[in-house]
Protein chains: 2
Amino acid sequence: MATIHDVAARAGVSPATVSRFLRGQRVRSAEAIQAAVDEMDYWPSATAQSLQSGRTHTIGVVVPDITNPYFAAVVKGMESVTRHTDYRIQLANTDESSEREDAVLAEMIRRVDGIILAPATEQDQTPLYVRDAGVPLVFVDRDLLGGEHFDAVLVNNAKGGQQAGEHLLGLGHTRIAAISGSQDTTPGRCRREGFVKALTAAGVEIPPEHDLVGDFREESGYQLALSLLSLPEPPTAIFSANNLMTLGALKALRDLRTDIPGEMSLIGFDDLDTGPLLRPPLTVIDRPMVEQGALAMRLLLRRFEDQYANDAARRIILDTKLIERASTAPPRKPRTAAGAGRTGRGRQR
Amino acid sequence: MATIHDVAARAGVSPATVSRFLRGQRVRSAEAIQAAVDEMDYWPSATAQSLQSGRTHTIGVVVPDITNPYFAAVVKGMESVTRHTDYRIQLANTDESSEREDAVLAEMIRRVDGIILAPATEQDQTPLYVRDAGVPLVFVDRDLLGGEHFDAVLVNNAKGGQQAGEHLLGLGHTRIAAISGSQDTTPGRCRREGFVKALTAAGVEIPPEHDLVGDFREESGYQLALSLLSLPEPPTAIFSANNLMTLGALKALRDLRTDIPGEMSLIGFDDLDTGPLLRPPLTVIDRPMVEQGALAMRLLLRRFEDQYANDAARRIILDTKLIERASTAPPRKPRTAAGAGRTGRGRQR
DNA sequence: CCATTCTCTGAGAACGGTTTCAGTTGAGTA
DNA sequence: TACTCAACTGAAACCGTTCTCAGAGAATGG
């Protein structure tokens, strides 16, 4: 690997002059230097430049699970922004584990200029430590309790949950269940709160056995849906708080041959590529995904510009949107008298 | 940010001694140094260490599209390996563009210790340049013409295509179409070749208008499926060469209300999370995904161990597996006499 | 008690760039 | 011819580590 000294020697100038030439300054021996650079196929060492400048031009991106299509889309959005800059992305998964997140962050702050994080829980303290280390931090998808002073790109989860609730109520459901996400994450908590709020406002109560909490993974959606279906009096509609759990719930309903939406309506949070192709096509609360990633990256890159470096935290809250497809419908038997007879698990076809 | 000099001064020793202590050597003033490190919350600069050692402990991962569930899974597999090491992943998308890939690689070789690449085309020359630069390179999913001297983790694409063809033939199809991927990629070319070979071996010809080539993206699957359906004599079965194009084809069939598998059988390459949930559940050629990523990463990390650094290239070729679900079935009317009547586009229900 | 080994230490030179600072050069002017 | 000033240059310091090497001090052996 040729160094700047080698090039300088070959061109008959000092390393300083080569450095100046490469950064665009006018230099007397430009041709000679260019020739030497070409002949030796010289590229400056990024590491040496980083050491000198104190900047790595690398952004750390920490997400719970890259195979979750939502996060894949978010990362793609980030990439679409960095592509036009000289920043690159260092990626890490936390598998929804705070410990893993702590380890990743502690490591990362030594090698990146900024971090975009979807924290594993709202209570994490490590992110505060990241800021102390002088590394700008942007939250995406999930917030932190006391995170108001950090940039963030979120969605109005409470309203999204509310939309889901109101949609089911509007169809006439009254026995409604929720499969929520981890209650120590912002989306998990807020989606549930918004959902419950909608029901309460309509005078519909959600009994504890219908108010379940999962962990955002497919398996928990599957298990919790199974448990709902085995209740003596199962709900007529389920709200599932993220894409993977919705998939799990769908599998459970399929396994038990529950008719959707005849016997059970299902509404999810976050659309899927295959959402329209599923049997039945899924009704979901949708939100911008790629855009969220792109916005978060732009927010972060702004922090590197002197004029914005000390601005107040910018909190971008995007709106959710109901996409009505065919997995929700009015309940088959509108609740008439108090049911003494227990509703058997129906078999279709 | 405290430096090793600050710590040394505080502990009353030289920087060299602090460095030695930190790397586990025995040192007389261990307690004093430890105390200084703790009090100042000192962490060595990764950049300075890199400059000194010549290693960045970073692996570049270059894939066409991280939102493709296959590549997301592959990356996750890689991450599951690096997690237990002190290597991290730098991620880049190429959007299937050779130019973008060239730019990314040229940049990357200056900042990573090794690269795992799914090349945009088989003809790319830049990867050879990567090796010249002394950066170990491993191919995953896709190979390079003349890439035999590089480590690689691939699947037996030809055999996979053949399996797909034989499956359709076995069901009795004779009017069979293929929606292949880019023919300048290994998987695109080999899957098609294997598929055609199976048909040819059975004496079934695939006319040019049934032998279509897409670009691995959903939209091309959609468009090509549409064009197949608009033929005067459409096929009774389609083989689609990757997950996204299969999704596109499925959407086209859905849009035209084509009955699957009644009117049209569909077999895809690569399974999807939602594969079993789709209407109908998809028959696919499956392959290990997470494992492929993990294997590729292990292959690469081996190159950093002196004892393996100069070993011959290791080429791991994994097997594909047919997963029979409900999107393939015998053709409704087994081909009897030469059809003069043109088969209208059927409407169901 | 001296010679020999062993263990630990710090100064200083890398690593490969950029930046500062004090020149040097040469053109333009009096 | 001497003087001024702008444009360019190179030596050396610096970024924060690790490594080399010579030397100091302690332990061991005779």
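Keep in mind the model is a prediction, meaning the values are calculated, not measured. First the proteins, then the strands, lettered A, B, ... as listed; each starts at 1.
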Residue A/S45, side-chain heavy atoms: nucleotide from D/dT20, C/dG17, C/dT20 that is nearest: C/dG17

Nearest-neighbour nucleotide for the B/Q52 side chain, D/dT9, C/dT9, D/dC19 considered: D/dC19

Presence of salt bridge, A/D151 and A/R298, under 4.0 angstrom: no

Distance, rounded to the nearest Å, where A/L22 contributes CG and D/dT9 contributes C1': 16 Å

Distance test, side-chain N/O of A/R28 to OP1/OP2 of D/dA7, below 4.0 Å: no

Residues B/E148 and B/R314 bridged, charged N to O under 4.0 Å: no

Among D/dG10, D/dT18, C/dG17, the nucleotide that comes nearest once only the side chain of A/A16 is considered: D/dG10

Parallel, tilted or perpendicular, as decided by the 30° and 60° cut-offs, for the rings of A/Y87 and A/F304: parallel

Salt bridge flag under 4.0 Å for residues B/R303 and B/D311: no

Phosphate OP1/OP2 of D/dT18 contacted by B/Q49 side-chain N/O (<4.0 Å): yes

Short side-chain N/O contact from B/S14 to OP1 or OP2 of C/dA11, under 4.0 Å: no

Given C/dG17, D/dG10, D/dC19, the nucleotide with the shortest approach to the side chain of A/P44: C/dG17

Sugar-phosphate, base or nothing in reach of B/F21, heavy atoms under 4.0 Å: nothing

B/R26 CZ - C/dT9 P separation (whole Å): 10 Å

A/L51 side chain, from C-beta outward: closest of D/dC15, C/dG10, D/dG10: D/dC15

Nearest-angstrom distance from the residue atom CD1 of B/I4 to P of C/dG10: 12 Å

Side chain of A/R23 - closest among C/dG10, C/dT18, D/dG10: C/dT18

For atom CZ of A/R110 and atom P of D/dC15, their distance in whole Å: 19 Å

Gap between atoms OH and C1', on A/Y42 and C/dG16 respectively (whole Å): 7 Å

Minimum-distance nucleotide to A/A48 side chain [options: C/dG10, C/dT7, C/dG17]: C/dG17

Test: B/E107 and A/R88 ion pair at under 4.0 Å: yes

Short side-chain N/O contact to D/dT18 OP1/OP2 from B/R20, under 4.0 Å: no

